[in-house]
Amino acid sequence: MSIRTRFAPSPTGYLHIGGARTALYNWAWTRRLGGTFVLRIEDTDRERSTAESEAAVLGGLSWLGIDWDEGPFRQSERGALYAEAIERLLASDRAYRCVCTPAEIEARRAATVATGAKWTYDRRCAAAAYGPECGPHAVRLRVPTDGKLGFDDAVFGPSGQEAREIGDMVIRRTDGSPLYHLAVVVDDVAMGITHVIRGADHLNNTPFQLALYRALDAKPPHFAHVPLIVGSDGRKLSKRRDPVAVQHFRDAGYLPEAMCNWLVRLGWSHGDQEIFSMQEIRTLFDLDAVQRASGQADPGKLEWLNQHYIKERPRDRLAHEVAPLLAAAGTPVDPDNPAFGALLDLLRERSKTLVEMAERARFFAVPDDALVHDADAVRKHWKPATRPALEDLAGELARVATWDAAGIEAAFHAVLARHAGLALGKLAQPVRIAVTGSAASPGIFETLVVIGRDRTCARIARALALLPAA
RNA sequence: GCUCCCAUCGUCUAGCGGUCUAGGACGUGGCCCUCUCAAGGCCAAGACACGGGUUCGAUUCCCGUUGGGAGCACCA
């Protein structure tokens, strides 16, 4: 039998990293086994479900490199299916109409809980056999009162609960709308889902869903519950305290490859391997090695991974990803300019994110006379005493035969030789500030090569003009 | 409160009874390299939650305790 899996997010306006990881696990596992991956939008909550909201979730998946084979299906468009299933359950007496009002139930529930007992619906309407004409009513599933609703979870092993712990749950509201569990099970049956891989928060819901499968005369799928991701304080991931939207990470300059690598390793491992390409994820991921304990998302590890992927990114690709960020900052640059590409090569090992890279590349994109010099750096390195050497260097650079690192280095050393006691650092720093505006940059010779002779000379001239007098 | 789940360095994890004076990675500290900043190399500190069993022998198996988490809706 061929494998069919699904990812079923609710369109909340963004793709949550927990959901993203669940999707990634589903995707990787399905791809490895050559199965079919279905996408289903659980948008029965019409309030929050908008087209933009759905697009954000789909966009997040696509950006991560997660593709699907069928869908997206929307639960909002499948109401007839749920209604039909409920009617069938009613007709076969596997479900019954319940006329208890929420207020009545709450009163009885409170009374029961007050005695310290566990509350499940007291089945007041179970034997009444109300017909359709009974007035406003909900529909409840007859859940077995004995035996165990058990299953063998691929991650957690033998799991389940005593059936009597569950009680007769509502599957259709008084207003006629189906409840989540009913819709999920009906859909999973209709879509022929063979393996459900989802968050461990559903571990406790599974027994009830099992009862639903049984009532529907359907064979339940295999289940694999993956541990939750918790915040850096070890508690539940909070939208307030933790960055949780995939979109946020994209905007912050993280690469999808780094995100996937980060997420796949959070709760899963393959020996001591840390780096996993998308290709490796889809060939190596397996449910056996999924952790049972929930894990904390470590932003530091993500940064490290991101830098790793930045370091091995093809130059052109990087250029076309960083250029828009520069343009957005008001300093456009031609992504195909070879010098810009060369600069990015120098910046790779100094940048943890694309955003940071763009900031560091800014001096290249800005016009010579608009370069802002860092005040602290200027105070520290632009001393009146550096003027003679700087003037000397300006002249020397103008005479460099071939504008490459070796030629520029030779020019620096020629100048150093004429100024006794002057160390390279003492000359490099003022020049660095003149050319990049900052006291930190890639190697000075390489930087000058990239910025070009004309712009180097223009910037040094401007620095000379700004240099404090003796 | 009830039900279920979980528990190795700060974090992610390896370990599936002896190979463990517990390995790797991120992070942290130090050193080297060095024109700045990085990157890189080397070194270091750092964990089996606790208590009982089982066993010749437990990080590994069992039971408690403690500590976390999830679920208990006419939410999804």
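Just so we're on the same page: letters track the sequence lines, and every chain starts at 1.
Atom name P, nucleotides B:rC62 and B:rG67: the rounded distance is 22 Å, in whole Å. Nucleotides B:rC63 and B:rA7 place their C1' atoms 16 Å apart, quoted to the nearest Å. Of the C1' atoms belonging to B:rG69 and B:rA49, the separation is 16 Å, rounded to the nearest Å. Using atom C1' as the reference point in both B:rC5 and B:rG29, the two lie 38 Å apart (nearest Å). B:rA47 and B:rA39: their C1' atoms are spaced 30 Å apart (whole Å). Nucleotides B:rC12 and B:rC2 place their P atoms 29 Å apart, quoted to the nearest Å. Spacing between B:rU19 and B:rA14 at atom C1', rounded to whole Å, works out to 14 Å. When the P atom is used for both B:rG71 and B:rG53, the distance is 38 Å, rounded to whole Å.
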- Task: Take A:E42 and A:R78, measure what salt bridge (charged side-chain N to carboxylate O under 4.0 Å, His left out) needs, and give me the verdict at the end.
- Result: CA-CA 10 Å; A:E42 311 217 314; A:R78 300 164 65 82; over 6 Å; no
- Task: Walk me through it: do A:F285 and A:Y25 pass the test ring-ring contact (aromatic ring centres under 6.0 Å, His included)?
- Result: CA-CA 8 Å; A:F285 179 79; A:Y25 281 8; 4.5 Å; yes
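When distances are taken from the side chain of A:N204 to each of B:rG71, B:rC74, B:rG24, the shortest belongs to B:rG71. Taking the side chain of A:S269 as heavy atoms from C-beta on, and the options B:rU13, B:rC2, B:rC6, the nearest nucleotide is B:rU13. Of the candidate nucleotides B:rU11, B:rG24, B:rC4, B:rU11 has the atom nearest to the side chain of A:D298.
The NZ-C1' distance, from A:K118 to B:rG1, rounds to 10 Å in whole Å. Regarding A:I229, its CD1 atom lies at a distance of 16 Å from the P atom of B:rG69, rounded to whole Å. Counting to the nearest Å, the C1' atom of B:rC74 and the CH2 atom of A:W119 are 13 Å from each other. For the pair A:W268 CH2 and B:rG15 P, the interatomic distance rounds to 12 Å; values are reported in whole Å. A:K148 has its NZ atom 12 Å from the C1' atom of B:rU3, to the nearest Å. The distance from atom OH of A:Y180 to atom P of B:rA76 is 9 Å, rounded to the nearest whole Å. If you measure from atom CZ of A:R40 to atom P of B:rA76, you get 14 Å, rounded to the nearest angstrom. A:L182 places its CG atom 11 Å from the P atom of B:rA76, with the value rounded to the nearest Å.
Not a single donor-acceptor contact under 3.5 angstrom links the side-chain atoms of A:Q273 to the base of B:rG24.
With sequence neighbours excluded, no residue satisfies salt bridge (Lys or Arg N to Asp or Glu O under 4.0 Å) with A:R432. Residues passing the side chain to side chain contact (heavy atoms under 4.5 Å, CB included) test with A:R109 are A:E106, A:V113, A:W119, sequence neighbours excluded. Applying the ring pair (Phe, Tyr, Trp, His ring centres under 6.0 Å) rule to A:F445 yields the partners A:F412; only residues at least two apart in sequence or on another chain are considered. Looking at residues two or more places apart in sequence or on another chain, you find a side chain to side chain contact (heavy atoms under 4.5 Å, CB included) between A:T174 and A:P136, A:A138. Take A:D286 and apply the salt bridge (Lys or Arg N to Asp or Glu O under 4.0 Å) test, not counting sequence neighbours, and it matches A:R32. Residues satisfying the ring pair (Phe, Tyr, Trp, His ring centres under 6.0 Å) criterion with A:F7, sequence neighbours excluded, are absent altogether. Listed by chain and number, the residues in a side chain to side chain contact (heavy atoms under 4.5 Å, CB included) with A:R124 are A:C100, A:R108, A:Y121, A:D122 (sequence neighbours excluded).
Within residues 127-143 of chain A, the residues that place at least one heavy atom under 4.0 Å from RNA chain B are, in residue-number order, A:A138, A:R140.
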Throw together a table of side-chain donor-acceptor distances under 3.5 angstrom for residues 141-150 of chain A, partners on residues two or more places apart or in other chains.
from	atom 1	to	atom 2	distance (Å)
A:R142	NE	A:D93	O	2.9
A:R142	NH1	A:A126	O	2.9
A:R142	NH2	A:D93	OD1	3.0
A:R142	NH2	A:A126	O	3.0

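Using a 3.5 Å distance cut-off with no hydrogens or angles, the side chains of A:S76 and A:D43 do pair a donor with an acceptor.
For the side chain to side chain donor-acceptor pair (under 3.5 Å) test with A:R198, the passing option among A:T206, A:N26, A:N205, A:T22 is A:T206; the others fail.
Figure legend. B:rC16 is base-paired to no nucleotide; pairs are counted as Watson-Crick or G-U wobble with both atom distances under 3.5 Å. Base pairing of B:rC9 is not made with any nucleotide, judged by Watson-Crick or G-U wobble geometry with both donor-acceptor distances under 3.5 Å. Base pairing annotation: B:rA44 forms a Watson-Crick or G-U wobble pair with B:rU28, both donor-acceptor distances under 3.5 Å.
Among the protein residues, A:F156 comes within range of the sugar-phosphate backbone only, with heavy atoms under 4.0 Å from sugar or phosphate atoms but none that close to a base. Within the 4.0 angstrom heavy-atom criterion, only backbone atoms of the sugar-phosphate kind lie near A:Q161; the bases stay farther away. Within the 4.0 angstrom heavy-atom criterion, no nucleotide atom of any strand lies near A:I171. When heavy atoms are screened at a 4.0 angstrom cut-off, A:G267 is found touching the sugar-phosphate backbone but no base atom. Using a 4.0 Å heavy-atom distance criterion, A:N205 is classed as a base contact. Residue A:H181 is classed as a base contact, given a heavy-atom separation below 4.0 Å to a base. Counting non-hydrogen atoms under 4.0 angstrom, A:Q291 reaches the backbone sugars and phosphates but no base.
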- Under 4.0 Å protein heavy-atom contact, by nucleotide of nucleotides 33-41 of chain B - B base, S sugar-phosphate only: --BBBBSS-
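A residue-by-residue look at A:C98 and A:E165 shows that A:E165 has its nearest nucleotide of RNA chain B further toward the 5' end. Nearest-nucleotide positions on RNA chain B for A:S159 and A:G300 put A:S159 closer to the 5' end.
Taking the centre of each ring, A:H181 and A:F208 come in below the 6.0 Å mark.
Applying the salt bridge (Lys or Arg N to Asp or Glu O under 4.0 Å) rule to pairs touching residues 292-314 of chain A yields A:E257-A:R313, A:E274-A:K301, A:R313-A:E321, sequence neighbours excluded.
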Every protein N/O within reach of nucleotides 43-46 of chain B N/O, cut-off under 3.5 Å:
none

